[in-house]
Protein chains: 2
Amino acid sequence: MSILKKISAQLEAMAPADRQIGRFIIDNPDQMLRLSSAALAVETGRSQSSVVKFSQKLGYAGYQELKLAVSEAKAQEWQAPAGMIHGTIEVGDGYLTILQKLLGSKMQAMQQTISVNNEANIEKALEALHDARRIHLAGVGASSLVARDFSYKLMKLGRNVLHDSDSHVQMANASTLGPDDLLFALSYSGASIETLRIAELASQRQATVVAVTGLQDNPLARVADICLHTVGDEDRVRSSAITARDAQLMLTDLLFILLVQRQPDANDYVHNSETAVSVLKAKRLS
Amino acid sequence: MSILKKISAQLEAMAPADRQIGRFIIDNPDQMLRLSSAALAVETGRSQSSVVKFSQKLGYAGYQELKLAVSEAKAQEWQAPAGMIHGTIEVGDGYLTILQKLLGSKMQAMQQTISVNNEANIEKALEALHDARRIHLAGVGASSLVARDFSYKLMKLGRNVLHDSDSHVQMANASTLGPDDLLFALSYSGASIETLRIAELASQRQATVVAVTGLQDNPLARVADICLHTVGDEDRVRSSAITARDAQLMLTDLLFILLVQRQPDANDYVHNSETAVSVLKAKRLS
DNA sequence: AGCAAATTGGAATAAAAAATTCCAATTCCC
DNA sequence: GGGAATTGGAATTTTTTATTCCAATTTGCT
């Protein structure tokens, strides 16, 4: 969640000094980035320590971290390609409007998901995946399909993958994990009980836990060693896990491609897979 | 001109300390933004004053201004994709290039898939889905996951859905279809033997056959009553059904939304589903 | 209504970070 | 070879950030 949006949401409930400082930042993010805490204090008629405290109340170590977050929020502001429509799909919308809003929401979710995950963190997850003796995938509902899709891709590369749609089997599999293994857990809410319990068990057993989860603070993120974040906008597309699923796929597809890049024999594996499947395709008739 | 590019261009002509500092910034812009001038000095094995002087030699008042410029350069990198990079992901591609190519390929697949299906044809498929007594979903491999995803969505709306991952069960289910039923068959190649055989059987039994398949002439398209086309570009993303899957999801998501729009009690169904699932979510703790 | 606890927020202070100065060593140019 | 220019770290100064102290105000409970 963009810090600018977060400040906006909390503005009314803030005390006077905080509200004034928050208002200034929302209205003038570019300018704020160029100001010292003392200069911002002058601009708002408040004290320098109030500026630092404002930052800390938002959860940052101090003003410098807040500035970084504002900078990232600005970078994340999505620039729509020409012609794209933003907005919530509504009852009276016609076909073309629905279509464009759906497409716009999907694109936004994917792009923002990329924006909120920095390269270092992706590389960290990639490294862990690459080095894992076994990769166990966990997820329920829509996330279970993303997990399965990713499991097919990993298996295609010859990786040792554990995946089952039954959460009891997932749990039992997790009980066999060890320090050389990795749990890849998907849950947009981060609160799905099955996925959470599996992650807790994997963590207890010293497996590396990689979570693919929403940006909000959540129990799964707290258990994970490595957190990859997804941004979805379910309210706009009548829920049903459309953009959250697309966001997760964006990350798993990226990890797959990056793994292919760093696995010298990947092309062989992919080619072998296609050859093997071709016997299950109808022959072309001229 | 991005400061990162500017540093890159000047790197070879720089003195040793400057080169080292510049190299670090180019390689680790995210990390740099979080470091003080002293911490960056430690990372590079150079002195804190060298860091400040490096900034000043580049034309900035000091390190803080350089940081702002780096932050802006990074923001520009993300905004650039408005133009989108199209191209084949290749062995030497760096992280950012891979990312942009992947995102670009996904967006292109979805946009083109929308373009090749006219509203009349989508509405025809929608009408058939809406009116069907039972909807049977068929697909194998990656298409099977799209089929399953769509089956979950249709079931959430209270529709009578037949879906099983086992193609033999799919075949047996198809043998129970009749004129009031509909087969929704997904296969990008249109040549998957199982899906094809199921479609042929459904067609024989007078069920309506809706195919979601690639643009090329193929056996599945020939059997179908209604053809929805998908455009993927698997060669660009190392195969593995990434863009073909995204294209299929674009269509199934669109059909789902359109169904929600024309089913008066859809919101109730979606809401009931969320409420039901909420008991399987961990409670938020204050 | 009264009182204790909690919150607010500025002034003062301390710590950290950024910027400049000093100067020795090295390189460049005539 | 010698002077000028450049390099770059250590030392120092200045600025910025963060924390502490404490008075005033608000909140919550009896």
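Keep in mind the model is a prediction, meaning the values are calculated, not measured. Note on naming: letters A, B, ... go to the chains in the order of the sequence lines (proteins, then strands), and numbering restarts at 1 for each one.
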Exercise. Less than 4.5 Å apart, any side-chain heavy atom of B:R34 and any of B:D30?
Worked result: no

Seminar exercise, completed: Between CG of A:L33 and P of D:dT17 the distance, given in whole Å, is 12 Å

Problem set entry | Set of salt bridge (Lys or Arg N to Asp or Glu O under 4.0 Å) partners for A:D246, sequence neighbours left out | A:K106

For this session: Could you list the residues that satisfy salt bridge (Lys or Arg N to Asp or Glu O under 4.0 Å) with A:R19, not counting sequence neighbours?
Result: none

Problem set entry | For A:M32 against A:L40, the heavy-atom pair lying closest together | CG-CD2, 4.3 Å

For this session: Round to a whole Å and report the spacing from CG of B:L68 to P of C:dA18.
Result: 12 Å

Problem set entry | Sequence neighbours excluded, every pair satisfying salt bridge (charged side-chain N to carboxylate O under 4.0 Å, His left out) that has a member inside residues 49-66 of chain B | B:D18-B:K57

Seminar exercise, completed: If each end axis of the helix from C:dA1-D:dT30 to C:dC30-D:dG1 is fitted on five C1' pair positions, the angle between them, to 10 degrees, is 30°

Problem set entry | Per-nucleotide protein contact string for nucleotides 18-25 of chain D (B base, S sugar-phosphate only, - none; heavy atom under 4.0 Å) | BBB-----

Problem set entry | B:M14 CE - D:dG8 C1' separation (whole Å) | 15 Å

Exercise. Does anything in residues 16-31 of chain B reach DNA chain D, meaning a heavy atom under 4.0 Å, and if so which residues?
Worked result: B:P16, B:A17

Exercise. Does A:L201 reach the side chain of A:S175, with side-chain heavy atoms less than 4.5 Å apart?
Worked result: yes

Problem set entry | Under 4.0 angstrom between A:S50 side-chain N/O and C:dG10 OP1 or OP2 | yes

